[in-house]
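Scroll down for the structure; my scribbles are underneath it.
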Protein chains: 2
Amino acid sequence: MADELADGTPTGTTTLTDVARAAGVGESTASRVLRGHGSFSAKTRESVLNAARSLGYVPNRIAGTLASTGSKLVGIVIPSLSNIVFPDMLRGANTVLVGAGFQPVVAVTDYEQGREETLVESLLSWRPAGMMVAGLEHSERTVAMLRHARIRVAELLDSDGDGIDIVVGYSNREAGGASARHLVSRGYRRIGYVGHDLSRDLRVAKRFAGFRSALAEAGLEVAAEEIIPSSSSIEAGRDGLGRLLGRAPDLDAVYFSNDDMAIGGYFHCLARGIAIPGRLAIFGYNGLDVARAAPQPLSTIRTPRVAVGETGARLVCSDGPPTKIDLGFELIEGATT
Amino acid sequence: MADELADGTPTGTTTLTDVARAAGVGESTASRVLRGHGSFSAKTRESVLNAARSLGYVPNRIAGTLASTGSKLVGIVIPSLSNIVFPDMLRGANTVLVGAGFQPVVAVTDYEQGREETLVESLLSWRPAGMMVAGLEHSERTVAMLRHARIRVAELLDSDGDGIDIVVGYSNREAGGASARHLVSRGYRRIGYVGHDLSRDLRVAKRFAGFRSALAEAGLEVAAEEIIPSSSSIEAGRDGLGRLLGRAPDLDAVYFSNDDMAIGGYFHCLARGIAIPGRLAIFGYNGLDVARAAPQPLSTIRTPRVAVGETGARLVCSDGPPTKIDLGFELIEGATT
DNA sequence: CGAAAAAGTGGCAGCGCTGCCAACAATTGT
DNA sequence: ACAATTGTTGGCAGCGCTGCCACTTTTTCG
């Protein structure tokens with residue numbers, strides 16, 4: 001069927017058959033030319049390409065995928081688009097996937113395991129060539145589906161635990177520990193914590209657990225903590241530190257659940273004239289731009305978020321045995337400790 | 001074919017036919033039950049559902065979509081994942097689309113029109129139910145393809161121009177103008193500009209054009225400008241302002257291409273002890289968290305990025321005539337002007 | 001109580017494409 | 001010149017599912 005009849009009636013879309021007919025060749029020949037696969041003469045090539053162009057042919061990958069088994073889609077499941085970590089990871093993954101001819105399909109869980117299950121199922125129904133998910137903790141059924149799918153599965157941004165197939169990340173637990181040891185080595189002793197809802201984001205919980213246990217090894221404990229019930233933000237960090245200092249004014253350092261929160265704390269101190277690090281030290285997590293560019297660069301831990309996306313994507317596109325890669329992190333000794 | 005033979009040989013995936021056979025019903029009946037569409041007895045329902053569950057059946061939407069014409073995919077094309085604007089818009093769109101049973105497929109152009117064309121073509125080949133693209137400027141072929149596809153097309157985040165079908169955004173030109181008038185009304189006269197690469201991001205160019213022409217109406221012009229050749233960042237803003245002030249130390253206000261840049265400028269002033277706004281006023285664009293939470297809230301323009309995504313998605317999911325919606329913006333009189 | 005309507009069900013033809021195979025044409029080698 | 005290759009090409013059977021239609025039950029109702 002042509003795209004438009006002589007009388008102007010639109011009739012569906014242009015199909016490969018239309019192109020083949022217009023070019024005066026068989027379907028399979030047209031298909032071969034359009035995919036640059038198999039052999040055909042230069043003349044045939046031209047006529048098919050011309051026909052396709054003049055008809056405005058757009059191949060139907062739905063049909064193509066169904067016929068050839070094995071799509072060029074890769075499902076990506078992340079908890080949020082608000083937390084910079086995930087867009088960063090996504091960016092890395094996107095670059096590599098697109099470079100390898102894959103098309104990412106993104107789904108966002110809002111940190112809910114139930115929704116993760118639904119989304120994984122839904123993505124799998126597109127028969128993707130691979131899946132990338134954030135974190136190592138998933139519902140039993142999610143894991144079962146992922147295993148059952150017999151495709152490459154990458155679990156990203158965490159290395160504290162066992163994965164299904166590919167694991168690329170860094171140890172959040174260890175990052176928390178390193179943060180604590182850094183503060184201790186700098187001589188801080190009355191250390192507080194300002195964090196955000198950790199029941200939802202398990203990586204935050206792991207960090208804090210690592211932090212606590214490293215403190216404990218130094219014979220210390222968290223002197224005071226303030227957990228805000230919502231997700232992290234600069235304002236939450238600012239207000240959280242305000243409240244924490246209201247209750248525990250003698251703290252000499254505060255560990256924040258991430259840089260957003262820490263920058264909030266930094267702003268609180270700036271606004272109140274609290275000397276950093278003289279009167280109060282601040283330590284964050286993530287290594288954001290804003291942390292690096294602040295008048296006093298924030299002491300924090302820089303995580304290889306983009307690289308995690310890239311490496312994960314690369315592995316998902318490849319064959320090979322299950323792999324676990326710890327990309328590590330870098331402790332940035334800024335000016336706030 | 002069963003998922004696994006008696007001898008343990010894995011044989012492909014479980015199909016609807018398998019489920020139907022296991023449940024002792026016909027394919028179409030199984031299909032109806034699984035989609036909750038059409039009629040079937042409660043008993044049939046149970047047996048199909050049980051069969052599906054015990055076989056670990058995952059429907060194949062590739063096949064489903066091909067058979068039923070019309071997918072539940074919506075293609076989204078954005079220039080970048082690094083600029084907060086796009087993840088924000090994406091978030092709004094995602095919420096609405098998922099709520100309406102659609103699955104977003106995201107593609108990133110890196111601000112290259114050539115790549116946009118490729119990506120639009122590639123996304124269209126998935127026969128999406130709709131498309132959402134950033135901005136109003138596209139290559140001729142891109143527009144042709146989008147029109148040809150006979151699906152809903154939303155162009156987002158800009159309202160300065162004509163669109164293909166649905167346009168949801170705000171006037172970048174007008175935002176620039178409002179910024180200029182604000183500065184003028186506050187009595188600033190020696191106004192500088194620090195911006196980032198505007199050849200790639202057309203919305204930045206529109207803002208600056210609007211800014212200039214509003215200044216001209218007040219009989220003023222941009223006293224000095226510093227354009228960094230890369231994309232925007234806090235550091236770029238900080239360094240840019242440093243260089244600008246080096247060349248033009250007598251400025252009394254600086255307009256930045258966005259809040260990232262402006263916060264960088266703010267940090268520069270903090271670090272150098274330049275009084276804000278006494279000695280120098282700062283004005284940004286976007287209304288980011290960090291701008292609001294800074295010790296001195298940044299004067300800026302807050303744009304309804306998430307709402308643009310939501311509204312655009314809502315319209316893409318609906319029928320109706322071509323529409324253009326200007327969601328406007330809000331000028332935030334912070335403490336930096 | 002029988003006819004008409006409704007509910008439940010299975011068969012089967014595609015959706016648009018790819019992969020395989022067989023058919024033929026153009027080369028090459030001997 | 002003839003056989004053996006190599007290069008080109010079209011036909012056609014699916015991929016797994018949905019939509020339509022025809023058919024068999026039930027239920028409803030005059």
Side-chain angles (χ1 to χ4, degrees), chain A residues 1-3 11-48 51-52 55-73 122 124-129 149, chain B residues 1-3 11-48 51-52 55-73 122 124-129 149:
Chain A
M1 63 199 102
D3 183 49
T11 56
T13 344
T14 315
T15 71
L16 182 65
T17 314
D18 300 325
V19 176
R21 186 157 31 221
V25 303
E27 291 179 73
S28 24
T29 304
S31 172
R32 261 175 257 131
V33 171
L34 259 9
R35 281 178 301 149
H37 188 289
S39 65
F40 40 80
S41 68
K43 204 181 60 186
T44 307
R45 193 187 121 87
E46 282 319 303
S47 58
V48 170
L55 291 176
Y57 174 67
V58 177
N60 184 335
R61 285 207 216 192
I62 298 280
T65 303
L66 179 62
S68 63
T69 68
S71 78
K72 277 295 201 174
L73 295 173
S122 155
L124 284 177
S125 77
W126 289 104
R127 292 292 184 272
Chain B
M1 64 197 103
D3 183 49
T11 56
T13 346
T14 316
T15 71
L16 183 64
T17 314
D18 301 326
V19 175
R21 186 156 31 224
V25 302
E27 289 181 72
S28 23
T29 304
S31 172
R32 262 175 256 131
V33 170
L34 257 11
R35 280 178 302 150
H37 188 290
S39 64
F40 40 80
S41 68
K43 203 181 62 188
T44 307
R45 192 187 121 86
E46 282 320 301
S47 59
V48 170
L55 291 176
Y57 172 67
V58 176
N60 183 334
R61 286 207 215 191
I62 298 279
T65 302
L66 180 62
S68 62
T69 70
S71 79
K72 278 295 202 174
L73 296 172
S122 156
L124 283 177
S125 77
W126 290 104
R127 293 290 185 273

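Chain letters run A, B, ... following the sequence lines, proteins first and then strands; every chain starts at 1. All of these numbers come straight from a predicted model, not from anything done at the bench.
OP1 or OP2 of D:dC17 lies within a sub-4.0 Å distance of a side-chain N or O belonging to B:Y57. For B:T44, a side-chain nitrogen or oxygen approaches OP1 or OP2 of C:dT9 to under 4.0 Å. Taking 4.0 angstrom as the limit, A:S41 places none of its side-chain polar atoms (N or O) nearer than this to OP1 or OP2 of D:dT8. Contact check, A:S39 against D:dG7: no side-chain N or O comes under 4.0 Å of OP1 or OP2.
Regarding B:L66, its CG atom lies at a distance of 9 Å from the C1' atom of C:dG14, rounded to whole Å. Summarising the geometry, the separation between CZ on B:R127 and P on D:dC17 is reported as 21 Å, rounded to the nearest angstrom. Between A:E46 atom CD and D:dT9 atom P the separation is 13 Å, expressed in whole Å. The nearest whole Å value for the distance from the CG atom in A:D18 to the P atom in C:dC15 is 11 Å. Between A:N60 atom CG and C:dC15 atom C1' there is a gap of 8 Å when expressed in whole angstrom units. For the pair B:R21 CZ and C:dG10 C1', the interatomic distance rounds to 14 Å; values are reported in whole Å. For the pair A:K72 NZ and C:dT18 P, the interatomic distance rounds to 14 Å; values are reported in whole Å. In this structure, the CZ atom of A:R45 is 13 Å from the P atom of D:dT8, given to the nearest Å.
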Side chains of residues 23-34 of chain B: which donor-acceptor pairs under 3.5 Å do they make with residues two or more places apart or in other chains?
unit_1 : atom_1 : unit_2 : atom_2 : d
B:S31  : OG     : B:R35  : NE     : 3.3
B:S31  : OG     : B:R35  : NH2    : 2.9

Would you tabulate the side-chain donor-acceptor contacts of residues 56-68 of chain A under 3.5 Å, counting partners in other chains and residues two or more places apart, or write 'none'?
unit_1 : atom_1 : unit_2 : atom_2 : d
A:N60  : OD1    : A:I62  : N      : 2.9
A:N60  : OD1    : A:A63  : N      : 3.2
A:R61  : NE     : B:S125 : OG     : 2.7
A:R61  : NH2    : B:S122 : OG     : 3.3
A:T65  : OG1    : A:R61  : O      : 2.6
A:S68  : OG     : A:G64  : O      : 2.9

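Comparing A:T65 and B:G24 by the nucleotide of DNA chain C that holds the closest heavy atom to each, the one mapping nearer the 5' end is B:G24.
Considering only heavy atoms from C-beta on, A:L73 comes within 4.5 Å of B:W126 through its side chain.
Remark: A:S41 engages A:K43, A:T44 in a side-chain contact (heavy atoms from CB on, under 4.5 Å) (not counting sequence neighbours).
Comparing the axis of the opening five pairs of the helix from C:dC1-D:dG30 to C:dT30-D:dA1 with that of the closing five pairs yields an angle of 30°, rounded to 10°.
Summarising the geometry of A:P128 relative to A:S71, their closest heavy-atom pair is CA-OG, 3.5 Å, with the distance given to 0.1 Å. A pairwise comparison of heavy atoms in A:A52 and A:V19 identifies N-CG1, 3.8 Å as the closest pair.
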Distances for protein N or O near nucleotides 19-25 of chain D N or O, under 3.5 Å:
unit_1 : atom_1 : unit_2 : atom_2 : d
D:dG19 : OP2    : B:R35  : NH1    : 2.9

